[in-house]
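All chains are named by letter (A, B, ...) in the order of the sequence lines, taking the proteins before the strands, and each is independently numbered beginning at 1.
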Amino acid sequence: MKYNFNEIEAKWQNYWAEHQTFKAENNSDKPKYYVLDMFPYPSGAGLHVGHPLGYIASDIYARYKRHKGFNVLHPQGYDSFGLPAEQYAIQTGQHPAITTETNIKTYRRQLDQIGFSFDWSREVRTSNPEYYKWTQWIFIQLFESWYCKVHEKAFPISELIALFEEQGNYTLNESCNESVDLFSAEEWNSYSSEKQQEILLNYRLAYLAETEVNWCPALGTVLANDEIVNGVSERGGHPVIRKKMTQWSMRISAYAERLLQGLDTIDWTDSLKESQRNWIGKSVGASVSFNVNDHDEVIEVFTTRPDTIFGVSFMTLAPEHDLVSKITTEDQKAEVDAYIEATAKRSERDRMADVKTISGVFTGAYAEHPFTKEPIPIWIGDYVLAGYGTGAVMSVPCGDQRDYDFAKHFNIPIPNIFEGVDISEEAFGDKDNTIIANSDFLNGMNYKKATKRAIYELEQLGQGEGKTNYRLRDAVFSRQRYWGEPFPVYYVNGMPQMIEQKHLPILLPEVEKYLPTEEGEPPLGRADVWAWDKKNNKVVSNELIDNENVFPLELNTMPGWAGSSWYFFRYMEEVANRDGAFATEDALKYWENVDLYIGGSEHATGHLLYSRFWVKFMHDRGFVGVDEPFKKLINQGMILGTSAIVYRLSFYGCQGQRNKYGKDTVGDNLNKVFLSSKYIDEIERIFSENKLDKEFRLTLRRSKLNNGLSHSNTNILNNLSDLLFSITTENTTQISIGMNSFQNLYSDVSFINASDELDIEAFKNWREEFNDAIFIGENGEIIENNNDVYKVGREVEKMSKSKYNVVNPDSICEQYGADSLRLYEMFLGPLEQAKPWNTAGITGVHGFLKKLWKLFVDDNGLKVNDVEPTKDNLKTLHKTIKKVEEDIENFSFNTSVSTFMIAVNELTAQKCTSKAILEPLLVLISPYAPHIAEELWNRLGNDQSISTAPFPKFEEKHLVESSKNYPISFNGKMRFTIELSLDLSKEDIEKAVMAHEKTIAQLDGRTPKKVIIVPGKIVNIVG
RNA sequence: GCUGAAGUGGUGGAAUUGGUAGACACGUUGGACUUAAAAUCCAAUGUCCAUUAGGACGUACGGGUUCAAGUCCCGUCUUCAGUACCA
């Protein structure tokens, strides 16, 4: 009986679906375990073999945990709002919902055929109204909250209002925008409701503010920093400019410290935590105010080195700094304006790339040193960034290399305030070995002490204080797009108002076109029915807007990360109970948070930071019990494609006589010629051995080679010469060939066999331009009727359509089966590592599955019986149990596949037919190759799914050995092995080894200086 | 620049605590079966020297510690990912 994987896999996929085998229970005596994948955006291209890698790993873990007696939640869904469907809608007019639905169908079919143990009954889609209702609800909660820095916690805004009414804002410490003025309780109470709302906006965690944004005119939308790659939009590569706009923002900066501290409580990789730490960018130091001479202005700076305050010899402002225009003197105005204009023209990209050029201008103004009262010249320079800190720095050239370079360049004095340090060549930045000098009351102190003292003195003067700065900026939350969550917001006199929870969801309106309006409004500006009737609590036609009862609704939509910041809670709730809340209290309490999260590292500073922020907020407000969403996180590495490259001659150098009609037919066939990769390697070798310039051309002449080169192998060129002349017309007398004579073209990888040989017929028929191609093969033949083979060059790079290296899982499943695909993806290498896909290798794991099958079934049917297992059988089984269990716990799935292969090879050699061995083996394999495991399990007479079977128990006693094959080394080099009993003492081992004939031969009469014996491991003889 | 990860046969990769480097698989070569191909099975396969026996070299490069180093320490180079001229 053959291993008919197609039939088996379809059978069990249907069985699992029908029996809801993987449905999680919210009431269970078992311990819970929540395994989650980053849900996919359903793109039109469907899945390629790289996508399921993480899903396969998480599925193995989920299935393993079920065997281990856990109640496992392993759901899946779709991040179904997003730009591609909208772009498609703009091009074709098809509603994004339809595109999305179609794509989801494809995804589901592809996912199903791989045999995942997802609980689809809990599926979520972020674009479903029943889902985004709760995204809108969370947004409202954020709007209705403020952050108290004293309690490090968010509270309802109503409590802040109560505080304002009682004591104004003089005494409060809360996270708010910088611009808020101080007011007393009386003043607050006297403000109009509008003014109060305006003030409150500065405190809300979701707030409306004018922000500088990355505006992409071509897409008509704002982009996040991580959506911009090299200064152009990630999608489409359009230019991006900076622009001020009124936008919804999220006050994630309030949570900077907690997001940082929380990293210590979760099991993520160091590199990922480090990314987040860098992104949050905490630096501890002081803020210092410098009074500007002859002005009322004060320059605020942030510094991490207040201890170097006496080393300040100038100040530098960002060219965009507000004070620049106020303090610049008449004399310097022209120069300053010119500089500002020049900077504005340079893109952010230019400014960042060009680190070496030092530029700046003196403003003519001076600030006063807080302690010495000396005047300090104020400069502007583009190395100071407006967006970080206060956009101004106190420059200490002796302690900071950039300040040093700037001072040197403009001949500004560089006072030395470090004891015993030479600063004639470069700045001294080593704060751990610093002793301060020439600094009044700081003299003789180290960095730590001087910092404390400087801050103390600044505080006495009222010109500074200790301060912690974070790089993390508030996150812009508005997108000028159609296919996203609409805001539950309408405007009364320009002030945003929330729609009450009971009227949610606010459904996305219909529009005729999905483009921004001609006036530059977002696509929702095209909706005719997009106004809020406050009396009747419903969305009504825009014509009814009267700004008394009917008001305009928000035109922006939410960004992609809104829906993905909380979806893991939605899965916790069974569909039947989903209406009343985003998840019930019981469900949240039972499932808590995600135990294992698997996904790509590209979300390190986006999704993974935003969802932590939302969860912390929801925790503060008591909506959830946990304050971190993902306990353990693993990033799967990318699966790369192995492109196949064919080399086409592309000629510039042919000479000869014209034909009798005077027509130039010289070499006219050569541009159809493809050379096998051997020739390319050889020619490259000849070029490098002779140190030839890339432009050099080898000259091939008819019937003789004349290139004047000394190299080891001219045969290949002679042979090539013969071949090429046989292809060209009679008139060709000379062919020049160089490194640039080859055009590297991609072949579709499906035309390549396991030995890198091209299927020439398939390639010729692939595209018209290749129909009459001529191939020169590895053995120096012009290929006709399989007389030679053509080998392609291979290159590992990202899978992409244009490189024809994309492999689709559908064809793999059809040809080898889902179990082979699953095993092979794991077998490729460590989960977290990037690795190339090469379909050729899949025969290895496929062959393994066939061997496994044959262990159970032969031509007469099932051959498993109740015979007593042998010692060897038991040893193999228990060795395998131990290794596989350790591997799964360590996410080392590649090595367990090898372990299975070894086990099956051994059991085959042992001719094992014992059910006591083979049945537990199936359970071990079932997380990896569930279909074949179910089938054989079923054939062994089990009527329950194998997924309910307990994981086999490892028993040490079967692995206990009585003897060991000792490696005997001489001076650390292993020479031979000796089989010795493990009971022997050190002395006995030494005796046995020294008496052995091979030892005597090896020593050749010498007496060893020393014999190292590690019982059970090794013997090393020195001397 | 900084941070993080990595560098092992022709290829993907093993070696989890310093103890037989190259497991497992692909590919290659030879053989069996077959009219033939596919499939399957058997054997060999790090490099070099040697008919054999055996030997030398070998985990990016240069040093070091150790009876023993892919693994630990110091220095250098290369690749990949992230990032911020961050005061």
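- Put simply, A:Gln833 has no side-chain N or O that comes within less than 4.0 Å of OP1 or OP2 on B:A6.
- Separating the CH2 atom of A:Trp279 from the P atom of B:U83 is a distance of 6 Å, rounded to the nearest angstrom.
- OP1 and OP2 of B:G82 both lie 4.0 Å or more from every side-chain N or O belonging to A:Arg277.
- B:U34 is unpaired under the criterion used here, namely a Watson-Crick or G-U wobble arrangement in which both key atom distances are under 3.5 Å.
- Distance from the side chain of A:Phe302 is smallest to B:A87 among B:A87, B:C57, B:G55.
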Which pairs, protein N/O on one side and nucleotides 22-32 of chain B N/O on the other, fall under 3.5 Å?
unit_1: B:A25; atom_1: OP1; unit_2: A:Asn905; atom_2: ND2; d: 3.3
unit_1: B:G27; atom_1: O3'; unit_2: A:Ser755; atom_2: OG; d: 3.1
unit_1: B:U28; atom_1: OP1; unit_2: A:Ser755; atom_2: OG; d: 2.2

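- A:Lys2 comes within 4.0 angstrom of no nucleic acid atom, judged by non-hydrogen atoms across all strands.
- Across the protein-nucleic acid pair, A:Ile1018 atom CD1 and B:A68 atom C1' stand 7 Å apart, rounded to whole Å.
- In this entry the distance linking NZ of A:Lys835 with P of B:A14 reads 10 Å, nearest Å.
- Within the structure, every side-chain polar atom (N or O) of A:Arg471 is placed at least 4.0 Å from both OP1 and OP2 of B:C2.
- Rounded to an integer number of Å, the gap from CD of A:Gln401 to C1' of B:C2 is 15 Å.
- In this entry B:U16 has no Watson-Crick or G-U wobble partner, no candidate having both defining distances under 3.5 Å.
- Pair check for B:U11 finds B:A25; Watson-Crick or G-U wobble, both atom distances under 3.5 Å.
- A:Arg612 forms no cation-pi arrangement with A:Trp279, by the criterion of a distance under 6.0 Å to the ring centre and an angle within 45° of the ring axis.
- Candidate nucleotides B:U20, B:G82, B:C86 were compared by shortest atom distance to the side chain of A:Leu385, and B:C86 ranks first.
- Nucleotide B:C80 forms a Watson-Crick or G-U wobble pair with B:G4, both donor-acceptor distances falling under 3.5 Å.
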